[in-house]
Amino acid sequence: MTVKQVVLLGPPGVGVKAQASELARRWSVPHVSMGALLREAIAKPSDIGLEARPYVEARELVPDALVMKLLRRRLEQPDVMLNGWVLDGFPRTVAQAQALDQWLAAVGLPAATVVYLKVMSGLLLNRLWTEREPDETMPMLRRRLERHEAEIAPLLEYYQPPGSETDPDGPAQLKTLNGSRSFAEIASELAQMGSEETGAARTIRDEAELDSLLARESLLVVDCMASWCGSCKQVAPLIDRLAEAYGDRASIMKIDFDTNRQISKRFGLKGMPSVMFFKDGELLETLTGVKPYQTYSAALTRFLN
Ligand code: ADP
């Protein structure tokens, strides 16, 4: 994904807000939470806040036009416009989803990536039961889930019209992730989405994949980077260029440090980014920090001979 604009959706009990906050932290982009925007507007109080207040107090949906106005004000701010965002609590209706898409198109931004954290409702009831307020009963929790299901179904259909999964030209806007895993596992998978760039150098999933590459590839170059690291962003395109130039003679890949922290100790990395050159599974050289393209290509050529 070139621009980090992510909408996180999921049922109650899956920790959508906490995941959104964690993802925004890892990517160093603003976290925009509709619930928080509304609470802020009400506390101030602003005109929008005064209008929204009775709905929020009744825990009913605030009218679409009102929430969209509030969201647009936030998304129009420069930090968000430049860096992207992770959004939770929005959209809750198809009209809101359409309004967001229309606004993004109008300001010339690409469509957002929508991620749905899917969990079986049986599992969710268990989780909600342990986290519930003391006065919440099982029927109340069931109703909360039913309300979510009624709300989410048309949204999922909007982002992925039936039949579009198999259409290669169809919108690949919706990603469904297994939300029944641990918080840390989900957080890693979400953060990884940002490193699936379209560049020529593919991203290695995990250490197991790295091990099999080390056993298989005679010449392997691995750029270890992290989404929060500024200089990694300078090196990534050079590694892509290297992959384009030498991809037929060597394997040139990236690996995300955040989801594979143990490799730092394993290979004695001293900083980020670290570009490692392996020959027959053995680490021969590590280039740390930003180097000119020629330094990477010269190292590679040396090992090719
Ligand atoms: P919850 O929905 O779990 O109560 P939130 O903090 O997400 O918690 O939202 C609090 C309230 O704000 C909701 O009950 C609703 O009144 C309002 N609200 C939040 N997001 C939206 C939205 N996208 N559209 C309309 N109303 C919203």
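Side chains included, hydrogens not; waters and symmetry mates left out as well; all remaining heavy atoms used. Keep in mind that what you see is a predicted model, and the values were worked out from it rather than measured. One-based numbering, in listed order, for ligands and for the atoms of each. Quick note: residue numbers are just sequence positions, from 1.
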Would you indicate whether Lys279, at its atom NZ, is surrounded by more than 12 heavy atoms from other residues, nucleotides or ligands within a distance under 6.0 Å? yes
Do NZ/NE/NH1/NH2 and the carboxylate oxygens of [X] and [Y] come within less than 4.0 Å?
{"X": "Arg26", "Y": "Asp256", "answer": "no"}
{"X": "Glu146", "Y": "Arg143", "answer": "no"}
{"X": "Glu57", "Y": "Arg53", "answer": "yes"}

Around [atom], find the nearest protein heavy atom and jot down its residue, atom name and distance.
{"atom": "atom 1 (P) of ligand 1", "answer": "Arg59 NH2, 3.7 Å"}
{"atom": "atom 22 (C) of ligand 1", "answer": "Arg92 CG, 3.5 Å"}
{"atom": "atom 11 (C) of ligand 1", "answer": "Val56 CG1, 4.1 Å"}

Could you tell me which atoms of ligand 1, counted from 1 in the order shown, lie closer than 4.0 angstrom to a heavy atom of [X]?
{"X": "Gln96", "result": "22 (C), 23 (N), 24 (N), 25 (C)"}
{"X": "Arg39", "result": "6 (O)"}
{"X": "Gly89", "result": "20 (N), 21 (C), 22 (C), 23 (N)"}
{"X": "Leu38", "result": "12 (O), 17 (C), 18 (N), 19 (C), 27 (C)"}
{"X": "Tyr55", "result": "16 (O)"}
{"X": "Lys17", "result": "6 (O)"}
{"X": "Gly35", "result": "6 (O)"}

- Message: Minimum heavy-atom separation for Met81 and Leu75, please, with both atom names.
- Response: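 Residues Met81 and Leu75, closest heavy atoms: CG-O, 3.5 Å.
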Closest non-hydrogen atoms of Arg202 and Glu209, given as atom of the first, atom of the second and distance, are NH2-OE2, 2.8 Å
For this session: Return the orientation label for the His148 and Tyr116 ring planes: parallel under 30°, perpendicular over 60°, tilted otherwise.
Result: parallel
Single-linkage hydrophobic cluster, 4.5 Å side-chain cutoff, Leu37 and Leu104 together
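Yes, Leu37 connects to Leu104 through the hydrophobic network.
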Any heavy atom of Val62 under 4.0 Å from ligand 1? The part involved is both
Contact region, Met34 to ligand 1, non-hydrogen atoms below 4.0 Å, reads side chain
Checking heavy-atom distances from atom 15 (C) of ligand 1 to each of Glu60, Arg53, Glu57, the winner is Glu60
Item checked: Proximity of Phe267 and Phe278 rings by center, below 6.0 Å ->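 That pair passes the under 6.0 Å test.
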